[in-house]
Protein chains: 2
Amino acid sequence: MRRASDDLVAEIEVRIASGQFENNKPLPAERDLMDMFGASRTVVREAISTLANRGLVETKPRFRPVVKKPDYGTVLTATSNIIEHLLSEPGGVTDLYRSREFIERSLARHAALHANKDDIADLKSALAANYEAIDDTPRFFQTDMEFHGVLYKIVRNPIFPAIHEGYLSWLSPSWGKMKRAPDHNLVNYHAHKKIYDAILERDPVQAENAMDEHLAVAWEVVKDTLENK
Amino acid sequence: MRRASDDLVAEIEVRIASGQFENNKPLPAERDLMDMFGASRTVVREAISTLANRGLVETKPRFRPVVKKPDYGTVLTATSNIIEHLLSEPGGVTDLYRSREFIERSLARHAALHANKDDIADLKSALAANYEAIDDTPRFFQTDMEFHGVLYKIVRNPIFPAIHEGYLSWLSPSWGKMKRAPDHNLVNYHAHKKIYDAILERDPVQAENAMDEHLAVAWEVVKDTLENK
DNA sequence: ACTATGTTTTGGTCCGACCAAAACACAGGT
DNA sequence: ACCTGTGTTTTGGTCGGACCAAAACATAGT
C-alpha cells in the first residue's frame, strides 16, 4: 500500500531537485503546501517530517523548514542518531576507532604514493600551524584535526572529507575527556611530523606505520576513559 | 525549543534499549501509547514517524511498527534515500566507486599482511565457488560478491561488512546493465585468483595492485553505461 | 482441527480549533 | 532616511474528534 504523504514527499523532492524550491531557502508555509498539492495538513506535516529525517530539509521548531540539497555531509546528520546508539553499546567506540585507524593508515599510504605539490604544501602548513599551537591546547586540537583533514582531502573524493567529519563528530565527544597537556601535544606533533616526513620521502610503508603508531598511542590515552563509561 | 514528540521519541528509545519494547516485536498500538505517555495521537504518530526514519522501528502501512534494534546495517537503510539522490548527480557513482577502490585496495593489502589460516581457507573456498560458477552468470555474480565479502570480514570489524553491503546495494543497480558473458567471468575469476595468490604469498603490494587492476577493468566495462545515464 | 464469517481493533487521513512564537507592518522618535 | 517599539497577522505545534478500510481477533460451521 501507499501512504498519501509518500506521494507528497516524492513531489517535493522533485521540486527541490529541479530548484523550484530553492536550496537554503524556506519551504512554503504548510497551509500553502496544502493548497498547492491538495493535501490535508496532516499529510503535509508528515511529509515534511519525513523530508527532515531524510535530511532534505532542516527543521527548527517554530521556524520554516529550510531546503537543503543533500551532500555527503547530510548523510552524517541523518545517521548520527543511529551511530550514537551503536557507540553506546559495548565495543562500539572501539570498532569505530579501529575503522578510523584502517582508513587513515591507508590515507597516509595513499598520500605517500600520490600527493602532489599542492598537497604537500597543504600538509606542510597544517603541520606548521600544529606546531605553533603546542602551548594552546584547544587550538592544538583544532590544528590536529586539520592536519588529518588534509589527508582526507588528498584522495580528491568528496566522500572522504565527509567520513572525516563523521569521525570527528562521533569520536571527539569521547576525546574531550582526554588529558591534553602541552607535553602531550608535543608528542602528537612529532607523530604528525613523522607522518609528514614519510609522505615527503614518498615512503608509503613508513607513512603507514607512522600513522598506525600515532593512532595507537592516542588510543591508549583514551581507552581507559571509554571503558569506564 | 522542544517538540513534544522529541520527548516521546527519547522515551521510546529508552524502552527499546532496555528491552521493554522487545526487538522484532510490534510496538504497542498508537492509542495505547497515547495512554501510556499521556500524549495526543498527533504526537505519538509523529514520534513513530521519526523513529521509523531513524531506523529504530520498521513501518509497513496498515501494520504495526516493528521494533528494530539498530546495527550497522540499519545505518544503510537510513541513508539509502540520500545516497540515491547523490548517485543521481553527475559523478556520484564515480565517486562511490572510487571510494570502493580505495577501500578494497586497502583490504587486499590488509589481508596479505594479517589474514590467518581460517581467512585464507574462506578465501580459497570462495574462489573455488567462483570458479564453479563461471558458466552460470547469475551465480558467478553471487560468488563474485562473496569473494569480495570475505575480504571485508578479515578486518574483524562489524563496520566493514556493513560497508560492503552498502556498496552492493548502491552500485549493483548500475552493475546489472553490465554485459556478463562467461568469457568475461573468466577474466574476473583470474583477477580474483591473482588477488588470492598475492595474499597467500603475503605480498601486500601485489595484492593491492591486483585488486586495483581488477576493479579498474570492471570500471571500464560499466563506465560507458553510466555516463549515458 | 480447519475454514469461513462476522466483529473489533488499529493505522491512515481529514477537519477544525487553539496557542504561542515568529514574521510582518506600521507608527513614532531620532 | 534609519532605527525602535508596538500591534497585527501568519505560521508551526498540539489537541480532540471523526471516518474509512484493512488487519487482527473471535466465533460459528464444516
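Letters go in sequence order (proteins before strands), and every chain restarts at 1. Being a predicted model, the structure only gives us computed values, none of them experimental.
A:Tyr152 and A:Glu104 share a side-chain donor-acceptor pair at under 3.5 Å.
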Could you pull out all donor-acceptor pairs under 3.5 Å where a side-chain atom in residues 121-131 of chain B meets a protein atom, sequence neighbours excluded?
unit_1	atom_1	unit_2	atom_2	d
B:Asp122	OD2	B:Lys153	NZ	3.2
B:Ser125	OG	B:Asp122	O	3.1
B:Asn130	OD1	B:His192	ND1	2.7
B:Asn130	ND2	B:Thr143	OG1	2.8

Under 3.5 Å, which donor-acceptor pairs do the side chains of residues 20-28 of chain A form with other protein atoms, sequence neighbours left out?
unit_1	atom_1	unit_2	atom_2	d
A:Asn23	OD1	A:Lys69	N	2.9
A:Asn24	OD1	A:Lys68	NZ	2.6

Handout entry: Under 4.0 Å protein heavy-atom contact, by nucleotide of nucleotides 7-12 of chain D - B base, S sugar-phosphate only
Key = ----BB
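Take A:Asp95 and apply the side-chain hydrogen bond (donor to acceptor under 3.5 Å, both in side chains) test, not counting sequence neighbours, and it matches no residue. Judged as a side-chain hydrogen bond (donor to acceptor under 3.5 Å, both in side chains), and not counting sequence neighbours, the contacts of B:Ser106 are A:Ser106. In terms of the side-chain hydrogen bond (donor to acceptor under 3.5 Å, both in side chains) criterion, residue partners of B:Glu101 (sequence neighbours excluded) are, by chain and number, B:Arg98. Partners of B:Thr74 under the side-chain hydrogen bond (donor to acceptor under 3.5 Å, both in side chains) rule, at least two apart in sequence or in another chain, are B:Asp71.
Axis angle, first five pairs versus last five pairs of the helix from C:dA1-D:dT30 to C:dT30-D:dA1: 20°, rounded to 10°.
One can place CE of A:Met34 at 10 Å from C1' of C:dG16, the figure rounded to the nearest angstrom.
Residue pairs meeting the salt bridge (charged side-chain N to carboxylate O under 4.0 Å, His left out) criterion with at least one partner in residues 35-49 of chain A, sequence neighbours excluded, are A:Glu30-A:Arg41, A:Glu30-A:Arg45, A:Arg45-B:Glu46, A:Glu46-B:Arg45.
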